[in-house]
Amino acid sequence: MAVIAWIVEGTWPALVDATRTHAPEDAEIVLLHVTDHEIPGIAHGAFAGLLGRGHPERDPGTRLEHLAATSAKQLLQDAADRLGRPCTRIERTGRIEREVVVATQGAELLIVARDGDRSRLGPKSLAPASRFVVDHAPCPVLLIWPEPAPGLADIPPPPQPPHHR
């Protein structure tokens with residue numbers, strides 16, 4: 001059984017704990033981290049267009065790419081240490097939601113932590129990328145709360161039916 005744990009800054013400790021709890025002992029566990037390509041791309045574009053013609057060594061986008069890669073490696077190492085089981089670590093770069101969905105091809109389970117407004121129950125407890133992943137993953141998804149879930153009193157009220165005259 002292949003289990004993918006989508007590692008995200010801020011929620012990863014709870015996600016790793018859930019993976020340890022819910023993944024069978026004989027599961028092949030993959031810790032996946034995706035770095036968004038957008039910010040380094042903007043820096044590359046700004047540098048090329050405004051600042052750096054003829055000086056590629058000064059491109060801040062390259063520095064941002066290196067910082068992101070170093071951060072991702074450290075995050076995956078910390079997650080693997082916390083997991084305490086054999087696992088594979090995968091780093092990807094691109095549009096986060098699409099990279100996660102592509103990485104889940106052939107997996108039997110994807111574990112995702114809520115990353116939106118976690119102060120109350122409801123659909124906004126998922127950020128847009130996570131919503132896309134939950135809606136499009138080709139495998140079952142285990143969606144966890146990274147902290148205790150809010151009480152049922154926090155469920156948003158149902159929409160009011162239109163008033164007809």
Can you give me the closest heavy-atom contact between [X] and [Y], atom names plus distance?
{"X": "Arg85", "Y": "Pro24", "value": "NH2-O, 2.6 Å"}
{"X": "Ala27", "Y": "Val3", "value": "CB-CG2, 4.0 Å"}
{"X": "Arg89", "Y": "Leu76", "value": "CD-O, 3.5 Å"}
{"X": "Cys87", "Y": "Ala80", "value": "SG-CB, 3.8 Å"}
{"X": "Val34", "Y": "Glu99", "value": "CG1-CB, 3.7 Å"}
{"X": "Thr35", "Y": "Ala72", "value": "OG1-CB, 4.1 Å"}

Rounded distance [0.5 Å steps], [atom1] in [X] versus [atom2] in [Y]:
{"X": "Leu109", "Y": "Thr104", "atom1": "CG", "atom2": "OG1", "result": "10.5 Å"}
{"X": "Arg131", "Y": "Leu126", "atom1": "CZ", "atom2": "CG", "result": "4.5 Å"}
{"X": "Ile144", "Y": "His22", "atom1": "CD1", "atom2": "NE2", "result": "7.5 Å"}
{"X": "Glu28", "Y": "Glu108", "atom1": "CD", "atom2": "CD", "result": "8.5 Å"}
{"X": "Glu147", "Y": "Ser119", "atom1": "CD", "atom2": "OG", "result": "9.5 Å"}

Test item: Thr70 and Lys73 side chains (from C-beta on) under 4.5 Å apart, heavy atoms
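The answer is no; the side chains never approach within 4.5 Å.
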
Would you say that Arg95 contacts Glu97 through its side chain, given a criterion of any heavy-atom pair below 4.5 Å between the two side chains?
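Of all side-chain heavy-atom pairs linking Glu97 with Arg95, at least one is under 4.5 Å.
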
Ala127 backbone acceptor or donor facing Asp115 side chain under 3.5 Å:
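Yes, the answer is positive, given that a donor and an acceptor are paired below the 3.5 Å cut-off.
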
Keeping the roles fixed (side chain from Arg20, backbone from Arg82), state whether a donor-acceptor pair exists under 3.5 Å.
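Side chain of Arg20 to backbone of Arg82: a pair is present.
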
Transitively linked via ILVMFWY side-chain contacts under 4.5 Å: Met1 with Leu31?
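They do share one cluster, since a chain of ILVMFWY contacts under 4.5 Å joins Met1 to Leu31.
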
Would you say Leu32 ends up clustered with Ile29 if hydrophobic residues are merged whenever their side chains have heavy atoms under 4.5 Å apart, either directly or through other cluster members?
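Different hydrophobic clusters.
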
Side-chain donor/acceptor pairs under 3.5 Å, residues 4-15, sequence neighbours excluded:
from : atom 1 : to    : atom 2 : distance (Å)
Glu9 : OE2    : His33 : NE2    : 3.0

Side-chain polar contacts of residues 135-143 - donor-acceptor pairs under 3.5 angstrom, sequence neighbours left out - could you list them?
from   : atom 1 : to     : atom 2 : distance (Å)
His136 : ND1    : Phe132 : O      : 2.9

side-chain contact (heavy atoms from CB on, under 4.5 Å), paired with Val101, selected from Leu110, Val133, Ile96
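Only one of Leu110, Val133, Ile96 forms a side-chain contact (heavy atoms from CB on, under 4.5 Å) with Val101, namely Val133.
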
